[in-house]
Amino acid sequence: MSFPPVEQQLEVIRRGVEKIVPEQELAGKLQKSRDTGVPLRIKYGIDPTGIDLHLGHTVPMRKMRQFQELGHQAVIIIGNYTALVGDPSGRDQTRARLTVEKVEANAEKYLEQLGKVIDLSKAEVHRNGDWFANMNFAEMLELCSKVTVAQLLTRDDFSKRMASETAISLHECLYPVMQAWDSVVIKSDIELGGTEQLYSFMLARDMQRDQKLAEQIGVMSPILVGLDGVRRMGKSLGNYIGIAESPYEMMKKFMQLPDACLRMYFELLTEVPLDEVNEILAGHPKTAKQKLASAIIGEYSSDDEATAAVEQWEREISQKEMPDDIEEISVKLSEPVSLVNLISKELKLTATNSDARRMITQGGVWINERGERHTDPHEMIAVTHGMIIGCGKKKIVKVVTE
RNA sequence: GGGGGAAUACCCGAGUGGUCAAAGGGGCCAGACUGUAAAUCUGGUGGCAAUGCCUUCGCAGGUUCGAAUCCUGCUUCCCCCA
């Protein structure tokens with residue numbers, strides 16, 4: 001096995017990375033691996049807590065792929081046991097607990113999606129239940145004895161929760177211990193993750209040293225902010241772009257991204273060379289955003305689909321043309337109905353009548369042509385076949401009579 | 001085990017007997033402006049057969065003409081002491 005020169009590897013590794021700890025050990029490890037021809041073992045752990053991976057997850061995943069391309073060994077940990085605990089990192093409250101079955105189902109979905117970024121045929125995949133499930137209580141105690149409560153409380157998220165009088169459950173304290181033990185078991189050289197993982201990464205070093213193993217280096221990416229441009233991208237915050245979403249869905253979301261996030265997204269989510277990024281950012285933000293979107297969408301589907309998505313957005317959203325494929329809803333109506341009932345009861349465009357009423361009186365409803373606004377909720381509408389109804393910014397439907 | 005505190009709409013949070021479907025902020029929704037960015041402005045934000053009616057302030061009772069507000073019991077959470 002031959003590896004690129006260390007300097008060259010470092011350049012790839014450093015892109016979009018916020019912190020490497022300890023930084024000074026990295027070159028040495030790379031050099032040693034190059035000299036001996038032994039690839040480094042790169043760890044990335046993910047807890048199967050949901051069914052969709054989003055772009056936030058892909059930041060360390062991409063870093064993993066880069067390591068793979070440099071010739072190193074990817075080691076994926078599916079945290080089926082840690083998922084039962086719930087990672088307290090960066091959280092201000094306890095996560096909801098998951099069932100074993102749920103976790104297993106999620107794990108399958110995750111692996112499928114991981115394969116879109118990482119070359120799974122060359123990766124080791126482990127579930128940490130493989131070693132935690134059979135651990136007995138004595139071993140468990142031994143593990144816990146490695147960490148003091150004071151150490152745990154130095155964690156930012158725990159100390160914040162203490163300060164704000166929010167509960168910290170005992171099982172959450174075990175999370176970093178488990179994560180660190182994973183590193184011992186798989187003998188990781190480098191662990192990938194976000195900056196909020198610092199504590200666990202360092203704990204892993206302590207435990208590896210304790211077991212007379214080489215200590216891992218943490219390579220930490222910045223936290224990717226979500227579509228709101230403020231909070232981290234996350235499922236529960238609803239500010240994410242899922243990697244399994246359709247090209248057009250992704251497109252629409254990308255265009256809603258605040259301009260200020262563009263550089264970060266280019267750096268963390270694409271391979272576009274940094275000087276080229278600077279050039280793009282010097283131009284109009286709208287164009288830059290479209291380039292960003294098509295680069296990323298292209299990776300998860302195809303370049304053609306990405307281009308099509310950009311064009312579709314330009315037509316339907318920017319030019320406000322009628323979309324090509326409008327969702328059709330069939331209704332059976334012989335008599336005219338009031339607009340409120342049409343919107344909420346017949347077409348189910350809103351959850352409640354009150355919602356429909358609001359939407360109508362506020363000018364969010366149009367029929368057949370944008371601009372053909374109908375603001376009287378009581379207006380009686382004689383529904384005709386092919387009638388097009390818009391409700392708010394996002395919903396347009398075509399009525400099909402039976 | 002003992003003591004103290006808290007629970008209000010999506011979130012935070014005001015409200016201590018009627019004027020409370022409940023201030024204010026955030027978020028979100030709609031509209032204007034725009035590049036479906038940001039900023040800004042306007043309106044909205046429990047439900048319904050809608051100038052009215054019904055349900056909601058942890059849960060269950062009670063006092064009262066009238067309760068988010070007072071009383072009793074319960075549940076949950078937090079803090080302190082052990």
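Side chains included, hydrogens not; waters and symmetry mates left out as well; all remaining heavy atoms used. Residue numbering restarts at 1 for every chain, and letters A, B, ... go by the order of the sequence lines. From a predicted model like this one, the values you see are computed outputs, not experimental measurements.
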Would you kindly give the [atom1]-to-[atom2] distance between [X] and [N], to the nearest whole Å?
{"X": "R370(A)", "N": "A30(B)", "atom1": "CZ", "atom2": "C1'", "answer": "15 Å"}
{"X": "W366(A)", "N": "A32(B)", "atom1": "CH2", "atom2": "P", "answer": "13 Å"}
{"X": "R315(A)", "N": "U36(B)", "atom1": "CZ", "atom2": "C1'", "answer": "16 Å"}
{"X": "E321(A)", "N": "U36(B)", "atom1": "CD", "atom2": "C1'", "answer": "16 Å"}
{"X": "N341(A)", "N": "C48(B)", "atom1": "CG", "atom2": "C1'", "answer": "11 Å"}
{"X": "H284(A)", "N": "U34(B)", "atom1": "NE2", "atom2": "P", "answer": "13 Å"}
{"X": "L292(A)", "N": "A37(B)", "atom1": "CG", "atom2": "P", "answer": "16 Å"}
{"X": "R231(A)", "N": "C11(B)", "atom1": "CZ", "atom2": "C1'", "answer": "10 Å"}

Remember a base hit wins even if backbone is also touched, and classify [X] as base, sugar-phosphate or nothing at under 4.0 Å, heavy atoms.
{"X": "P258(A)", "answer": "sugar-phosphate"}
{"X": "R373(A)", "answer": "sugar-phosphate"}
{"X": "K252(A)", "answer": "base"}
{"X": "K345(A)", "answer": "sugar-phosphate"}
{"X": "I317(A)", "answer": "base"}

Taking the same atom, [atom1], in [N] and in [M], what whole-Å distance lies between them?
{"N": "A9(B)", "M": "G62(B)", "atom1": "P", "result": "25 Å"}
{"N": "G13(B)", "M": "G24(B)", "atom1": "C1'", "result": "8 Å"}
{"N": "U16(B)", "M": "U51(B)", "atom1": "P", "result": "33 Å"}
{"N": "U56(B)", "M": "A21(B)", "atom1": "P", "result": "13 Å"}
{"N": "U69(B)", "M": "G17(B)", "atom1": "P", "result": "12 Å"}
{"N": "C33(B)", "M": "A67(B)", "atom1": "P", "result": "49 Å"}
{"N": "U45(B)", "M": "A60(B)", "atom1": "P", "result": "28 Å"}
{"N": "U63(B)", "M": "C54(B)", "atom1": "C1'", "result": "25 Å"}

Notebook entry, point to check: Where does U36(B) land, syn or anti, given syn is within 90° of 0?
Noted result: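 Anti, since the glycosidic angle lies more than 90° from 0.
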
I want to check one thing: is the phosphate of [N], taken as OP1 and OP2, less than 4.0 Å away from some side-chain N or O of [X]?
{"X": "N353(A)", "N": "A49(B)", "value": "yes"}
{"X": "S318(A)", "N": "G35(B)", "value": "no"}
{"X": "S354(A)", "N": "C48(B)", "value": "yes"}

Please determine, for the side chain of [X], which listed nucleotide ([options]) has the closest atom?
{"X": "K286(A)", "options": "A30(B), A50(B), G35(B)", "answer": "G35(B)"}
{"X": "R357(A)", "options": "G35(B), A50(B), U36(B)", "answer": "A50(B)"}
{"X": "K393(A)", "options": "G35(B), G31(B), C48(B)", "answer": "G31(B)"}

Quick one: closest heavy-atom pair of [X] and [Y], and the distance?
{"X": "P222(A)", "Y": "T195(A)", "result": "CA-CG2, 4.4 Å"}
{"X": "P377(A)", "Y": "I360(A)", "result": "N-CG2, 3.8 Å"}
{"X": "F3(A)", "Y": "S33(A)", "result": "CE1-O, 3.6 Å"}

Notebook entry, point to check: Are E271(A) and R15(A) close enough for a salt bridge, meaning some N to O gap below 4.0 Å?
Noted result: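 Here E271(A) does not pair with R15(A) in a salt bridge, since their nearest N and O are not under 4.0 Å apart.
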
Notebook entry, point to check: Between E69(A) and R65(A), is there a side-chain N and carboxylate O pair less than 4.0 Å apart?
Noted result: yes

Item checked: Distance under 6.0 Å and angle within 45° of ring axis: K253(A) vs Y248(A) -> no

Note to self: Among residues at least two apart in sequence or on other chains, which ones pass salt bridge (charged side-chain N to carboxylate O under 4.0 Å, His left out) with E321(A)?
What the structure shows: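 Partners of E321(A) under the salt bridge (charged side-chain N to carboxylate O under 4.0 Å, His left out) test: none.
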
Margin query: Could you check whether atom CE of M380(A) has more than 12 heavy atoms from other residues, nucleotides or ligands sitting under 6.0 Å from it?
Written below: yes

Notebook entry, point to check: Does E11(A) CD have over 12 foreign heavy atoms under 6.0 Å away?
Noted result: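 At most 12 heavy atoms, drawn from other residues, nucleotides or ligands, come within 6.0 Å of this atom.
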
Could you please name the partner base of [N], counting Watson-Crick and G-U wobble pairs only when both distances are under 3.5 Å?
{"N": "G58(B)", "answer": "C74(B)"}
{"N": "A68(B)", "answer": "none"}
{"N": "G35(B)", "answer": "none"}
{"N": "A22(B)", "answer": "none"}
{"N": "G43(B)", "answer": "C29(B)"}
{"N": "A9(B)", "answer": "none"}

Notebook entry, point to check: Would you say the side chain of D259(A) and the base of G35(B) hold a donor-acceptor pair, judged only by whether the two atoms sit under 3.5 Å apart?
Noted result: yes

Note to self: Each nucleotide in nucleotides 39-45 of chain B should get exactly one letter: B, S or -. Can you fill that in based on protein heavy atoms under 4.0 Å?
What the structure shows: ----BSS

Margin query: On RNA chain B, does the nearest nucleotide to H378(A) precede the nearest nucleotide to G363(A) from the 5' side, or the other way round? Give the residue.
Written below: G363(A)

Check: Is there any side chain to side chain donor-acceptor pair (under 3.5 Å) pair reaching into residues 382-399 of chain A, and which pairs are they, with sequence neighbours excluded?
Finding: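 Pairs touching residues 382-399 of chain A that pass the test: H385(A)-T401(A).
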
